[in-house]
Amino acid sequence: MPELPEVETVVRGLREPLAGRTIIAAAYTWPRGLVTPDGPIFSARIAGQPVRSVDRRGKYILIRLDPDTLLIHLKMTGRLYVVPDDSVQDADRWVRFTFQLDNAHQLRFSDSRKFGRVYLVEDPSEVTGRLGPEPLDESFTLEEFRQQLVRRSGQIKPLLLNQAFLAGVGNIYADEALFASGLHPLRRVNTLSEDEIARLYAAIQAVLQDGIQSQGASINWYRKPDGSRGQAQDRFQVYGRANQPCFRCGQPVSKIVVGQRGTHFCPACQR
DNA sequence: CGGACAACCTGGCGGC
DNA sequence: TGCCGCCAGGTTGTCC
């Protein structure tokens, strides 16, 4: 679920409930979800730190405290939301981390599959340092994309999923971007023309912006911080549409495995 | 460096 | 209904 548009939606939804708050305590029930620091240090260290801002880098959520930064990666099934202390409204069985706020509310990190990860560090670049560029950032230009692309080889789809190449694109938006640019997911990167690179660049930005506009895709686990569903899934052209007619040409959408990931594409429209 | 694959985990769903 | 196998949006490490 959570790729760039979903994480961005979560971040936007958390800014208001966390604004001006201080974390006064933290507790967790899944120790392996905490990467750093060690357990006893973590709870003691985070207590008393005020929230300064909530941001995103790739698929990481950065809650900038003072002096540390709390980073959370939702992985496949993570949810992050703020509710009153005594809230049991959603009977969420999968809450792994609870951050007590100073206004009788809690920031809760729920994660059924236990893939999510939590970090508390002085310098967030310790965690995000290896990430590639932000695809929606002004500094991510076509020229930079082209220069990075021509240094690579291999299949285009796995490259789009490589967070060190480009931060934030996951399996869904990779499939959608390749459809939008008319490129086959198995195309070798070094066979792309200038025109195709430009189409892909534009398509990546378009599908991500569209996803944010729709407040993320709630196919399965993803929910906005207020508990409601995003709408992006209603706009997908190929993802999750195996054997259904392509919206553009009517041919059935194919599903294959590329780099161990389910991959949807139109064999007629994508070359 | 590229690519294949296992591992980390649990829940949901289709099929029988 | 119940059980079983399969699949899942992410990332990392290992091996060839």
Side-chain angles (χ1 to χ4, degrees), chain A residues 1-10 28-36 56-61 71-80 90-97 109-119 126-132 148-178 185-191 207-208 210-212 214-224 229-243 255-264:
Chain A
M1 62 183 70
E3 304 182 31
L4 189 154
E6 289 73 33
V7 176
E8 178 65 26
T9 302
V10 169
Y28 53 90
T29 58
W30 179 242
R32 295 184 62 178
L34 177 62
V35 178
T36 186
R56 178 189 61 73
R57 176 75 174 94
K59 299 172 192 170
Y60 288 89
I61 294 163
L71 293 96
I72 297 177
H73 198 303
L74 302 175
K75 290 288 177 81
M76 307 278 259
T77 55
R79 292 178 183 173
L80 198 57
D90 54 357
D92 189 339
R93 304 157 43 198
W94 303 287
V95 173
R96 314 294 183 194
F97 284 76
F109 177 33
S110 155
D111 181 22
S112 76
R113 213 168 150 184
K114 297 180 176 175
F115 279 7
R117 291 294 180 264
V118 173
Y119 311 72
E126 291 174 36
V127 181
T128 61
R130 288 190 196 157
L131 294 177
Q148 294 303 313
L149 207 54
V150 299
R151 297 172 53 194
R152 301 284 186 149
S153 58
Q155 302 160 340
I156 183 61
K157 170 153 179 186
L159 183 61
L160 293 180
L161 296 179
N162 181 342
Q163 302 299 296
F165 174 73
L166 189 62
V169 175
N171 201 42
I172 295 177
Y173 294 94
D175 282 1
E176 293 297 314
L178 288 170
L186 293 176
R187 266 292 288 281
R188 311 298 295 200
V189 173
N190 55 15
T191 68
V207 299
L208 293 176
D210 205 42
I212 292 172
S214 301
Q215 302 188 296
S218 289
I219 289 177
N220 190 355
W221 282 90
Y222 167 76
R223 293 293 183 277
K224 291 152 60 183
R229 306 169 76 94
Q231 304 301 318
Q233 65 279 4
D234 300 336
R235 303 177 57 79
F236 291 156
Q237 301 294 299
V238 286
Y239 183 82
R241 300 196 61 250
N243 303 317
K255 183 177 181 186
I256 61 175
V257 174
V258 179
Q260 296 180 273
R261 312 303 302 280
T263 296
H264 313 72

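Reminder, nothing fancy here: chain letters follow the sequence lines and each chain counts from 1. We use all heavy atoms of the structure for the numbers below, so side chains are in, but hydrogens, waters and symmetry mates are not.
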**Q.** Residue from A/Lys157, A/Arg261, A/Gln155, A/His264 passing side chain to side chain contact (heavy atoms under 4.5 Å, CB included) with A/Pro185
**A.** A/Lys157
Q. Does one side chain, of A/Lys255 or A/Thr263, offer a donor that lies under 3.5 Å from an acceptor on the other?
A. no
Q.
Let me confirm one number: the OG-CD distance from A/Ser218 to A/Glu6, rounded to the nearest 0.5 Å.
A. 7.5 Å
Q) If you measure only the distance, is there a donor-acceptor pair under 3.5 Å linking the side chains of A/Ser153 and A/Asn190? A) no
Q: Would you please name every residue forming a ring-ring contact (aromatic ring centres under 6.0 Å, His included) with A/Tyr60, sequence neighbours left out?
A: A/His73
Q) Rounded to whole angstroms, how far apart are CG on A/Leu74 and P on C/dG10? A) 12 Å
Q.
I'd like the P distance from C/dC4 over to B/dC8, given in whole Å.
A. 22 Å
Q: Report yes or no: does A/Gln233 contribute a side-chain atom to a donor-acceptor pair with the main-chain N or O of A/Gly230 at less than 3.5 Å?
A: yes
Q.
Need one value for A/Arg117: base, sugar-phosphate or nothing, where a base atom within 4.0 Å counts as base even if backbone is also close, heavy atoms only.
A. nothing
Q: Could you tell me the separation between the CZ atom of A/Arg93 and the P atom of B/dT10, rounded to a whole number of Å?
A: 11 Å
Q: Would you mind reading off the distance between A/Asn162 atom CG and B/dG2 atom P, rounded to a whole angstrom?
A: 8 Å
Q: Considering only NZ, NE, NH1 and NH2 on the basic side and carboxylate oxygens on the acidic side, decide whether A/Asp111 and A/Arg79 come within less than 4.0 Å.
A: no
Q. What stems, by residue range, does DNA chain B take part in, given at least 3 consecutive Watson-Crick or G-U pairs under 3.5 Å?
A. B:2-8 with C:10-16, B:10-16 with C:2-8
Tabulated below should be each protein N or O lying under 3.5 Å from an N or O of nucleotides 13-16 of chain C; please produce it.
none

